[in-house]
Amino acid sequence: METQIEIPPAIFNTIVNATKVAALTGAGVSAESGVPTFRGENGLWRNRRPEELASMEGFLDDPRLVWDWYDWRRTTIASLKPNDGHYALAEMETVYENFTLVTQNVDGIHALAGSRDPVEMHGNIWYVRCLKEGTVMENREAPLQRIPPLCPKCNTMVRPNIIWFGEELDTETIKRAGSAARESEVFFVIGTSSVVQPAASLAGLAQRNGAVVVEVNLERTPLTDSVDLFLEGPSGKILPDLLRRICRARGFDV
Ligand code: OAD
């Protein structure tokens with residue numbers, strides 16, 4: 001059954017007729033697939049300071065602790081499947097002429113659902129980087145046989161190829177994310193607490209450049225007061241419902 005989400009007609013028309021659309025996703029989009037979110041009661045930080053598990057200082061202090069945490073996350077994610085929210089976002093690429101998916105998630109599940117080229121702002125948990133040479137390699141071993149894992153070329157320890165606290169985002173990535181936000185007519189913000197920068201600023205950037213900002217979340221966030229439309233509920237339900245309504249209004253088969 002479809003959820004009865006109220007959308008003011010002017011906003012709905014913009015959503016239906018837009019050609020340039022972008023979406024920013026966060027951990028909440030993968031929650032219905034079984035990936036724990038970061039914040040909240042049973043959050044991924046496991047009552048530790050995020051910097052212990054996700055900063056270069058924390059890693060150099062205790063590489064085994066950090067790799068144990070990543071190995072646990074990788075092993076959990078390895079068996080999980082995309083949910084209807086991921087599939088709806090992949091489908092949006094075929095509905096809109098120009099659709100860019102920007103994600104803070106490192107789980108790689110958007111690509112599994114069929115999203116062709118998601119902008120992964122924080123990296124990808126299935127890639128590692130050699131501490132000596134900086135070489136980035138795919139590594140899908142889960143669980144890892146050796147912790148910490150070593151570079152197959154030079155035997156130096158590798159680190160997860162993730163953007164950690166205190167680190168700069170990749171220049172090309174930030175450029176793509178910024179352009180997508182600036183150029184969009186509709187900007188969706190889905191399943192993110194909107195507290196981590198620079199991702200949290202993309203919605204404001206989009207809005208200042210004329211986009212209608214639509215937030216989908218189970219609860220209100222620091223962004224909610226400034227968005228044009230807040231859709232409260234699980235993304236795995238809201239997004240497929242919204243997509244069906246968009247397709248129907250555009251005269252596509254659903
Ligand atoms: P958070 O854990 O901070 O927030 C998850 C958000 O998803 C919350 O606002 C929840 O209310 C919402 N949520 C949960 N389940 C949902 C569902 N089924 N449908 C819709 N919304 C749902 O995760 P992020 O905002 O992604 O960075 O965190 C941002 C960054 O902080 C992460 O990428 C990570 C972390 O530090 C790094 O590790 C670099």
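Counting convention: from 1, in listed order, for ligands and their atoms alike.
- In terms of modelled atom types and a separation under 3.5 Å, the side chain of Q207 and the main chain of S226 share a donor-acceptor contact.
- Smallest separation of non-hydrogen atoms from G108 and E120: CA-OE2, 4.1 Å.
- Atoms of ligand 1 lying under 4.0 Å from at least one heavy atom of E32, given by number and element, are 17 (C), 18 (N), 19 (N).
- Cation-pi geometry between R74 and W72 is not met at under 6.0 angstrom from the ring centre and within 45 degrees of the axis.
- The shortest heavy-atom contact between I15 and L229 is CD1-CD2, 4.4 Å.
- At least one N or O atom of S235, backbone or side chain, sits closer than 3.5 Å to an N or O atom of ligand 1.
- Here T192 has heavy atoms under 4.0 Å from ligand 1 in both its backbone and its side chain.
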When the side chains of residues 109-118 are checked against the rest of the protein, which donor-acceptor pairs come out under 3.5 Å, sequence neighbours left out?
| residue | atom | partner | partner atom | Å |
| --- | --- | --- | --- | --- |
| H110 | NE2 | T25 | OG1 | 2.9 |
| R116 | NE | E93 | OE1 | 3.1 |
| D117 | OD2 | R176 | NH2 | 3.2 |

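- Ring-plane geometry between Y70 and W67 is classed as perpendicular, the angle between the planes exceeding 60 degrees on a 0 to 90 degree scale with a lower cut at 30.
- In R39, the parts holding a heavy atom less than 4.0 Å from any atom of ligand 1 are both the side chain and the backbone.
- The contact set between ligand 1 and G191, taken as ligand atoms under 4.0 Å from a residue heavy atom, comprises 5 (C), 6 (C), 7 (O), 21 (N).
- Near G26, meaning under 4.0 Å from one of its heavy atoms, ligand 1 places the atoms 26 (O).
- Annotation for ligand 1: atoms under 4.0 Å from non-hydrogen atoms of A27 are 23 (O), 24 (P), 26 (O).
- Between D241 and R245, no side-chain nitrogen of the basic residue sits less than 4.0 Å from a carboxylate oxygen of the acidic one, so the salt-bridge criterion is not met.
- By the criterion of a heavy-atom distance under 4.0 Å, the backbone of I163, and not its side chain, is placed next to ligand 1.
- The option with the heavy atom closest to atom 12 (C) of ligand 1, from among L223, N217, L218, L53, is N217.
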Self-check item: D225 vs R220, salt bridge (charged side-chain N to carboxylate O under 4.0 Å, His left out): CA-CA, chis, key distance, verdict
Solution: CA-CA 8 Å; D225 280 343; R220 296 179 72 82; 2.7 Å; yes
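- When heavy-atom distances to ligand 1 are checked against a 4.0 Å cut-off, A31 comes that close only through its side chain, counted from C-beta outward.
- Close contacts between ligand 1 and E219 involve ligand atoms 11 (O) [criterion: under 4.0 Å to a heavy atom].
- For the ligand labelled ligand 1, residue F165 lies inside the 4.0 Å heavy-atom shell.
- If you look at Q104 next to ligand 1, the close heavy atoms, those under 4.0 Å, come from the backbone and the side chain alike.
- Judged by distance alone, the side chain of R250 and the main-chain N or O of V16 form a donor-acceptor pair under 3.5 Å.
- Heavy atoms of G233 approach ligand 1 to within less than 4.0 angstrom.
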